[in-house]
Number of protein chains: 2
Amino acid sequence: MDAPINPSLSVDCVVFGFDGRSLKVLLIERRYRLPDGQSEPDFKLPGSLIYENENVDQAAHRVLEQYTGRRETYLRQLHVFSDPDRITGDELSWLQAHYRVETIRVVTVAYYMLVKLDDTLLTQVRTHGARWIELEQIHQLAMDHKQILAYALDTLSKQLMAEPIAFELLPRKFTLRQLQDLYEGILGIEIDNRNFRKKVLSSDYIQPTGEREKQVAHKPALYYTFNRQKFRKDTRQKFRLNFINWQL
Amino acid sequence: MDAPINPSLSVDCVVFGFDGRSLKVLLIERRYRLPDGQSEPDFKLPGSLIYENENVDQAAHRVLEQYTGRRETYLRQLHVFSDPDRITGDELSWLQAHYRVETIRVVTVAYYMLVKLDDTLLTQVRTHGARWIELEQIHQLAMDHKQILAYALDTLSKQLMAEPIAFELLPRKFTLRQLQDLYEGILGIEIDNRNFRKKVLSSDYIQPTGEREKQVAHKPALYYTFNRQKFRKDTRQKFRLNFINWQL
């Protein structure tokens, strides 16, 4: 009852990507073996049990590389999900068979990653059984992965308001329409076009590149870029002026 | 080599308290049994392996209660420390003997807690082998606990600048001197008196109580209090006005 226990430890990664229109999540199609011998595909987050000679961050990088071919990206630990009954029954049997490890309980460290989606990355994952699924299309996931996704989305929303992480998801050159779509997609709200443009253009660190979209049906929009050096300088200055700075 | 492993899983709690003058950390004096039979006292963070029927948050609350008699406080998961060799040799033997559990590796979920220090809390812990040690007096800790403390302190500093968490540490009624001491102590900087008072007094949510200090040698200072409702209302408004609000 009150005895310590050695659980299995896994990492599960919520990998967000933005394709210029909508927010997508990297998911793995799994053929889940039901006890009656039938199988039914379902989706899970990319993840793995941790190995003997790696720490949890290394395990998360390994998982990312396995499915995307990339090792480096914006990544942070999100939360530890550890309810004693989060994985039981058939799910536990599946894990034991898959990893050939004895286990009665699995604790997972959830990670949250942001990648710049490009054609290579979209193609690459197809060869590894992974798929980019639009956030709005995800209705259920294996185990407690829907709950983990919800937690990640909540964190992403908060962080989006407090830090310039939008630019981890956007291509280096982006249109203001894309920036606004990204905010609207993640926060699930509609933003007034004019105010948004005014606010963004009044910042010194979102700068026009001089280039425009090519081969589009509508009037080609200007491309902008995020100047991180300028941003850091500006916020350091603001920081000095407003010593205490409670915003949220 | 590349095999999954079931580690032991623990929680370690960095509990911060502020006694009106300086920042303190709750530590446990441990008699570490050396192989030659000698023993030498050292300090560790309060912690425990997780039990069979609890999740990590519950384990952290249990540890807090064990040493302070309180179960509820400001608490959040900080980070998972999981390097394969973070606990080895004698330290691992100590853990195995203490918990009577077979283990070859221990992963820990570090927590970070803020308590309002009062006389009860200062006395209570003494009966449980725990001690409040001033941050500046902590030079070394068992295992990787110094590293965990540094991580917690870094998080506390960042959060202190972004959110009104100072008031989790301060008593309900506080002087502006105490508020400034708290900021200076945690951030390790000196703040200009006049600017600090001006900034604080210009906020609507730090309000005078009308009461003054009693039985002090110097001129009794006014007590202030933090109005959380007012703060929430103000920041919601600010949030609406400044839709994108990158500050740090």
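Throughout, protein chains are lettered first and strands after them, A, B, ... in sequence-line order, and every chain is numbered starting at 1.
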Heavy-atom neighbours of A/R197 CZ exceed 12 at 6.0 Å: no

With sequence neighbours excluded, residues passing salt bridge (Lys or Arg N to Asp or Glu O under 4.0 Å) with B/R21: none

Identified side chain to side chain contact (heavy atoms under 4.5 Å, CB included) partner of A/N6 from the options B/I50, B/V101, B/V106, B/I5: B/V101

Most chain A-contacting option - heavy-atom pairs closer than 4.5 Å, from B/V109, B/V80, B/I104: B/V80

Taking every non-hydrogen atom, the tightest pair across B/P4 and A/Y51: N-CD2, 3.8 Å

Atom CZ of A/R172 with >12 non-hydrogen neighbours under 6.0 angstrom: no

Crowding at CZ, B/R71 (>12 non-hydrogen neighbours, <6.0 Å): yes

Region of B/E102 that comes under 4.5 Å of a non-hydrogen atom in chain A: backbone

Exercise: identify the closest heavy-atom pair between B/N55 and A/P84: N-CD, 4.1 Å

Most contacts with chain A, counted as non-hydrogen pairs under 4.5 angstrom, among B/R86, B/H79, B/R76: B/H79

Largest heavy-atom contact set with chain B, pairs under 4.5 Å, which of A/D85, A/T103, A/D83: A/D83

